[in-house]
S.K.: 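Submitted below is the structure of interest, expressed as structure tokens.
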Number of protein chains: 2
Amino acid sequence: MINQIAIFREYLKSRDLRFTPERRLILEAILSLPGHFNIEGLYYKLHRKMGRLSLATIYRSIPHLINSGLIKEVMRYADRPQYEKSLGCPHHGHLVCINCGKILEFKDDEIEKLQDRVCREYDFKPTEHRLGIRGYCKNCRHKKGK
Amino acid sequence: MINQIAIFREYLKSRDLRFTPERRLILEAILSLPGHFNIEGLYYKLHRKMGRLSLATIYRSIPHLINSGLIKEVMRYADRPQYEKSLGCPHHGHLVCINCGKILEFKDDEIEKLQDRVCREYDFKPTEHRLGIRGYCKNCRHKKGK
DNA sequence: TTGTAATTGAGAATCAATCGCAATAAGCTT
DNA sequence: AAGCTTATTGCGATTGATTCTCAATTACAA
Ligand SMILES: [Mn+2]
Ligand SMILES: [Mn+2]
Ligand SMILES: [Zn+2]
Ligand SMILES: [Zn+2]
């Protein structure tokens, strides 16, 4: 995680941007978070811990964190975009339960390979891909009703 | 397409909803559209053709069209959700060019099978899935720059 | 034709995200 | 260490898509 802070600092410097305490706090909060997160959750976490940190500042730093490769947007199914750490976190797809909201992650190299094949077929140079499956998780499908 | 109107009418009746001229016009406009569409485009198409048709009415009928299986939301990458006809349109993934905006569609049964396998592994009952790949299309990748 | 409950259009309301700006401060240069 | 330049912050105002409110209309079954 100290590593990621260094990466962020370096990224900022390379673009003539400043490494501010606010940006450091935002990144640290994200790194200490377990799974996915959204702006709202991040704001409350930071706002609770230390008094003032503007929501606008969080919104403004998200693009920088994405461009530096530290986080990525993973979903936009629901109301708000969801993000997750991307450095050191292998690419994966998501199973989203539309009943209880639980999100399962899965990794499948074969699918990734087939995606590459599709891109080759179309002479398409991919930069990002998302595979999301919605439905009912193990618990919810067996609870009752279909 | 006459078929789809019948389906919509039946769906509405089954839920004690009314088959209004506005709903018919909205569905007809969608059916006459070639590919993907969004609310804004639909509104302008309908508004141009025939004077008054409220934006609110369009927003209100989208969920009904989705629930009746006639359309589905396919993307939410960009600013606004994109929809497409779903009846008689086999499931497919999307290649979205982040330079020119072009959208290519692809179909891959092997990927679909692997997705099913993943669902089986997790005892997950899928209702919908989306595979989106962003990057540079054939033209844009060869134009200039990387 | 009548009655009832759903639907419409228009504008108001909501709410996430962005913007504008004056005060602040990061970080380079002496 | 101090000064300078320019990016950044917080705050409130603004935007813009979507939803809501409500009175007037209308589908549709009896
Ligand atoms: Mn994930
Ligand atoms: Mn499509
Ligand atoms: Zn569940
Ligand atoms: Zn392109």
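Below, read A as the first sequence line, B as the second, and so on, with proteins coming before strands; counting in each chain starts at 1. Just so we're clear, the structure is a prediction, and the values are computed from it rather than from any experiment.
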S.K.: Contact list please: residues 56-71 of chain A against DNA chain C, heavy atoms, distance less than 4.0 Å, in numerical order.
M.R.: Ala56(A), Tyr59(A), Arg60(A)

S.K.: Can you name the residues that form a salt bridge (charged side-chain N to carboxylate O under 4.0 Å, His left out) with Arg134(A), not counting sequence neighbours?
M.R.: Glu128(B)

S.K.: Mind checking salt bridge (charged side-chain N to carboxylate O under 4.0 Å, His left out) for Asp116(A) and listing every partner two or more places apart, or none if nothing turns up?
M.R.: none

S.K.: To the nearest angstrom, how far is Arg23(A) atom CZ from dG10(D) atom P?
M.R.: 11 Å

S.K.: Would you tabulate the side-chain donor-acceptor contacts of residues 84-100 of chain B under 3.5 Å, counting partners in other chains and residues two or more places apart, or write 'none'?
M.R.:
| from | atom 1 | to | atom 2 | distance (Å) |
| --- | --- | --- | --- | --- |
| Glu84(B) | OE1 | His36(B) | NE2 | 2.7 |
| Glu84(B) | OE1 | His92(B) | NE2 | 3.3 |
| Glu84(B) | OE2 | His92(B) | NE2 | 3.1 |
| Lys85(B) | NZ | Leu31(B) | O | 3.3 |
| Lys85(B) | NZ | Leu33(B) | O | 2.7 |
| Ser86(B) | OG | Gly69(B) | O | 2.7 |
| Ser86(B) | OG | Leu70(B) | O | 3.4 |
| Ser86(B) | OG | Ile71(B) | N | 3.4 |
| His91(B) | ND1 | Glu112(B) | OE2 | 3.2 |
| His91(B) | ND1 | His129(B) | NE2 | 3.3 |
| His91(B) | NE2 | His129(B) | O | 2.8 |
| His92(B) | ND1 | Pro90(B) | O | 2.9 |
| His92(B) | NE2 | His94(B) | NE2 | 3.2 |
| His92(B) | NE2 | Glu105(B) | OE2 | 3.1 |
| His94(B) | NE2 | His36(B) | NE2 | 3.2 |

S.K.: For DNA chain C, note the earliest and the latest nucleotide, 5' to 3', having some atom under 4.0 Å of a heavy atom belonging to chain B.
M.R.: dA5(C) to dA10(C)

S.K.: What residues form a ring pair (Phe, Tyr, Trp, His ring centres under 6.0 Å) with Phe37(B), not counting sequence neighbours?
M.R.: Tyr83(B)

S.K.: When every nucleotide of nucleotides 25-30 of chain D is labelled 5' to 3' by its protein contacts under 4.0 Å (heavy atoms), B for base, S for sugar-phosphate only, - for none, what sequence of letters results?
M.R.: --BS--

S.K.: Report the end-to-end axis angle of the helix from dT1(C)-dA30(D) to dT30(C)-dA1(D); each axis comes from five terminal pairs, and the value is rounded to 10°.
M.R.: 40°

S.K.: Using whole Å, report how far CZ of Arg80(B) lies from C1' of dA17(D).
M.R.: 6 Å

S.K.: Test: salt bridge (charged side-chain N to carboxylate O under 4.0 Å, His left out). Region: residues 62-75 of chain A. Which pairs qualify, not counting sequence neighbours?
M.R.: Glu73(A)-Arg76(A), Glu73(A)-Arg130(A)

S.K.: Whole angstrom is fine here: how far is it from CG in Leu46(A) over to C1' in dT9(D)?
M.R.: 15 Å

S.K.: Of all the heavy-atom pairs spanning Asp109(B) and Lys107(B), show the shortest one and how long it is.
M.R.: OD1-NZ, 2.9 Å

S.K.: Does Leu53(B) offer a backbone N or O that forms a donor-acceptor pair with the side chain of Thr57(B) under 3.5 Å?
M.R.: no

S.K.: Categorize Leu55(A) for me: base, sugar-phosphate, or nothing, with a 4.0 angstrom heavy-atom threshold over every strand shown.
M.R.: nothing

S.K.: Between the side chain of Ser68(B) and the main-chain N/O of His64(B), is any donor-acceptor distance below 3.5 Å?
M.R.: yes

S.K.: Could you tell me which residues satisfy ring pair (Phe, Tyr, Trp, His ring centres under 6.0 Å) with Tyr43(A), sequence neighbours excluded, listed by chain and number?
M.R.: His47(A)

S.K.: Please tabulate, for the side chains in residues 8-18 of chain A, all donor-acceptor contacts under 3.5 angstrom to protein atoms that are two or more places apart in sequence or on a different chain.
M.R.:
| from | atom 1 | to | atom 2 | distance (Å) |
| --- | --- | --- | --- | --- |
| Ser14(A) | OG | Tyr11(A) | O | 2.7 |

S.K.: Does a sphere of radius 6.0 Å around NZ in Lys138(B) hold more than 12 heavy atoms from other residues, nucleotides or ligands, not counting ones at 6.0 Å or beyond?
M.R.: no

S.K.: In the single-linkage hydrophobic clustering (I, L, V, M, F, W, Y; side-chain heavy atoms under 4.5 Å), do Val74(A) and Phe124(B) co-cluster?
M.R.: no

S.K.: Got a sec, which residues hit salt bridge (charged side-chain N to carboxylate O under 4.0 Å, His left out) with Arg80(A), two or more places apart in sequence or on another chain?
M.R.: Glu40(A)

